[in-house]
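All values below come from the heavy atoms of this structure, side chains included, with hydrogens, waters and symmetry mates left out. A, B, ... follow the sequence lines: proteins, then strands. Residue 1 opens every chain.
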2 protein chains.
Amino acid sequence: MSGRGGSGPIGISHDARYRDASGANVIEALKAQCLRQRQLKAGEDLFGPGSQQNAIFVLIEGWTLLYTLLENGKRQILHFAVADTLLGLPPSKGTVSTFGVQALTRAVVAEIPHRRVRELVAERPGFALALAQSMARDTDLAFDLLTSIGRSPARVRVARLLLQLFVRAWSRLPGHGIEAVRLPLTQEQLGDATGLSSVHVNRVLHELKREGIAAFHYRRLRILDPDRLIDAAEIDPETLKSWIV
Amino acid sequence: MSGRGGSGPIGISHDARYRDASGANVIEALKAQCLRQRQLKAGEDLFGPGSQQNAIFVLIEGWTLLYTLLENGKRQILHFAVADTLLGLPPSKGTVSTFGVQALTRAVVAEIPHRRVRELVAERPGFALALAQSMARDTDLAFDLLTSIGRSPARVRVARLLLQLFVRAWSRLPGHGIEAVRLPLTQEQLGDATGLSSVHVNRVLHELKREGIAAFHYRRLRILDPDRLIDAAEIDPETLKSWIV
DNA sequence: CGACTGGTTGATGATTGTCAATAAGTGTGG
DNA sequence: CCACACTTATTGACAATCATCAACCAGTCG
């Protein structure tokens with residue numbers, strides 16, 4: 001950004017396939033601007049809710065989660081982010097972040113100061129548009145989760161999250177043949193993401209296993225019957241495809 | 001956007017105060033690109049979920065709501081949008097919209113073809129960045145609602161929505177002295193926005209009225225005790241301020 | 001002044017949360 | 001490789017929250 005009007009973007013964003021006008025990869029372009037990397041241990045916060053950043057981040061390696069905290073002590077997980085995801089910042093200058101980012105595994109992030117982002121935008125107009133589109137995708141994902149949590153029973157919510165996590169983990173695996181993936185999540189985290197208690201998540205997981213649909217146990221997710229899982233998740237195949245990174 | 005890489009943005013976005021590098025108002029800049037306006041009757045769809053648009057829209061007048069539909073026939077309201085709000089489109093070229101936009105009142109929208117948006121972006125780099133920031137705000141709002149629905153009981157959800165709607169309606173009123181506003185909503189719509197049944201919304205509204213906190217009755221919202229409403233909504237004043245347009 | 005939409009109320013039951021005690025799995029240091 | 005400490009998962013009993021159904025009432029609009 002060239003003038004006084006704005007600041008660094010952005011909220012969060014994903015996926016290596018957003019390209020600016022010249023076809024250059026947005027994520028790669030950002031990585032190239034990186035001054036320093038940060039190493040995170042599992043459980044460590046990249047930044048907390050209410051913090052103010054002067055940089056955006058690209059997740060290079062590992063899993064992270066976006067979350068908010070409530071007055072009543074509960075937590076809502078907003079998104080699970082994997083490598084090559086943009087983890088950004090507030091919607092206007094000086095805004096504090098409404099959410100926090102925490103590492104689920106050991107993770108590596110690139111830190112790109114807002115100033116660098118503004119330079120990139122000034123150099124390549126299409127870059128900012130790609131950022132905007134990336135943000136639009138984030139909004140869509142948030143809307144999707146919102147709909148799931150607001151209007152679906154527990155079983156559907158859990159099935160949907162498992163399916164989404166599986167698709168995203170599986171699609172970045174070298175050999176795509178396998179129907180089992182490793183997800184660095186606890187049942188409590190599944191609960192915080194679906195708006196359920198960990199106990200109830202456990203019950204639903206058992207139900208899904210008993211029915212031969214999917215089995216999640218100590219960080220290992222096996223899809224036993226993909227079709228019936230899609231059915232249980234009550235999503236249309238179109239939405240499913242949009243999850244494939 | 002100058003090259004082949006992108007398409008028209010965007011998701012949804014709000015608020016007249018986003019400015020691009022030259023300080024020009026993004027919403028106003030978009031309105032200036034408007035080729036034609038559309039008039040909507042109350043209840044009419046601007047576009048439905050799953051539709052494909054080749055334009056973005058700016059709400060000039062009236063109220064609209066963003067919504068999704070589920071297989072089980074239920075509806076989730078994602079956002080209530082007021083005048084000077086950007087109602088945009090999918091995160092990449094050819095994507096169908098995941099949500100629909102419906103008019104709550106008689107409404108007027110400006111239609112801006114994606115091509116025009118690309119021209120604007122090419123002319124003014126800061127414009128796209130302002131779009132991205134606007135999208136970031138949308139994401140924040142979605143996260144906020146997500147947290148509310150996922151992790152708060154009915155009373156808190158309803159109080160929070162009433163407070164947000166009041167603040168937004170009140171802040172665009174000429175005389176700011178009044179503690180009552182007109183909201184073009186039914187209890188069923190409050191339910192679809194909070195993930196509750198209309199019956200339960202009704203009960204919570206009664207509770208809030210009986211306690212002398214707030215009264216919503218046939219489209220008229222009166223705030224009886226602002227402090228206790230803020231308390232009931234379990235929000236911190238910082239978040240509240242961010243809602244003031 | 002109807003007709004219709006939207007709101008109100010009570011009874012009942014399903015879904016989900018909480019508590020608490022136990023078991024299973026994981027990781028670490030010897 | 002084993003013992004220990006710790007985290008995570010499992011299970012049952014019970015309670016709270018919220019949905020559904022159905023009948024009735026109130027307000028609004030033409």
Which of these nucleotides, [options], is closest to any side-chain atom of [X]?
X: His200(A); options: dT16(C), dT8(D), dT10(D); value: dT16(C)
X: Asn202(A); options: dT9(C), dT28(D), dA9(D); value: dA9(D)
X: Arg157(A); options: dT16(C), dT8(D), dG27(D); value: dT16(C)
X: Lys74(B); options: dG6(C), dT26(C), dT20(D); value: dT20(D)
X: Ala154(A); options: dT16(C), dT18(C), dC18(D); value: dT16(C)

Item checked: Distance-only donor-acceptor check, side chains Thr139(B) and Thr139(A), under 3.5 Å ->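 Thr139(B) vs Thr139(A): donor-acceptor pair found between side chains.
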[X] near the nucleic acid: base, sugar-phosphate alone, or nothing, with a heavy-atom cut-off under 4.0 Å?
X: Leu205(B); answer: nothing
X: Ser197(B); answer: base
X: Gly195(A); answer: sugar-phosphate

Pairing of [X] and [Y] as salt bridge, 4.0 angstrom limit:
X: Glu28(A); Y: Lys31(A); result: yes
X: Asp192(A); Y: Lys74(A); result: no
X: Arg155(B); Y: Glu207(B); result: yes

Notebook entry, point to check: Given that Phe216(A) and Arg203(A) both sit by DNA chain D, which one's nearest nucleotide is further toward the 5' end?
Noted result: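 Nearest nucleotide further toward 5': that of Phe216(A).
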Note to self: Is it the case that the base of dT16(C) and the side chain of Arg151(B) share a donor-acceptor contact (distance under 3.5 Å, atom types as modelled)?
What the structure shows: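 By the distance-only test, no, there is no pair.
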Next item on the list: Start with the C-alpha distance between Ile235(B) and Trp243(B), add both sets of side-chain angles, then the distance that settles side-chain contact (heavy atoms from CB on, under 4.5 Å), and finish with yes or no.
Entry: CA-CA 12 Å; Ile235(B) 60 160; Trp243(B) 289 337; 3.7 Å; yes
For atom [atom1] of [X] and atom [atom2] of [N], their distance in whole Å:
X: Gln187(A); N: dG17(C); atom1: CD; atom2: P; answer: 13 Å
X: Leu196(B); N: dT17(D); atom1: CG; atom2: P; answer: 13 Å
X: Arg220(B); N: dG6(C); atom1: CZ; atom2: P; answer: 18 Å
X: Leu208(B); N: dT8(C); atom1: CG; atom2: P; answer: 13 Å
X: Tyr218(A); N: dG27(C); atom1: OH; atom2: C1'; answer: 13 Å
X: Glu188(B); N: dT20(D); atom1: CD; atom2: P; answer: 11 Å
X: His206(B); N: dC25(D); atom1: NE2; atom2: P; answer: 15 Å
X: Leu185(B); N: dT5(C); atom1: CG; atom2: P; answer: 18 Å

Checklist line | Nearest-nucleotide comparison on DNA chain C, the residue closer to the 5′ end among Val199(A) and Arg219(A) | finding: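 First, find each residue's nearest nucleotide; the 5'-ward one identifies Val199(A).
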Note to self: Does dT8(D) have its OP1 or OP2 closer than 4.0 Å to a side-chain nitrogen or oxygen of His217(A)?
What the structure shows: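 Checking His217(A) against dT8(D): no side-chain N or O falls below 4.0 Å of OP1 or OP2.
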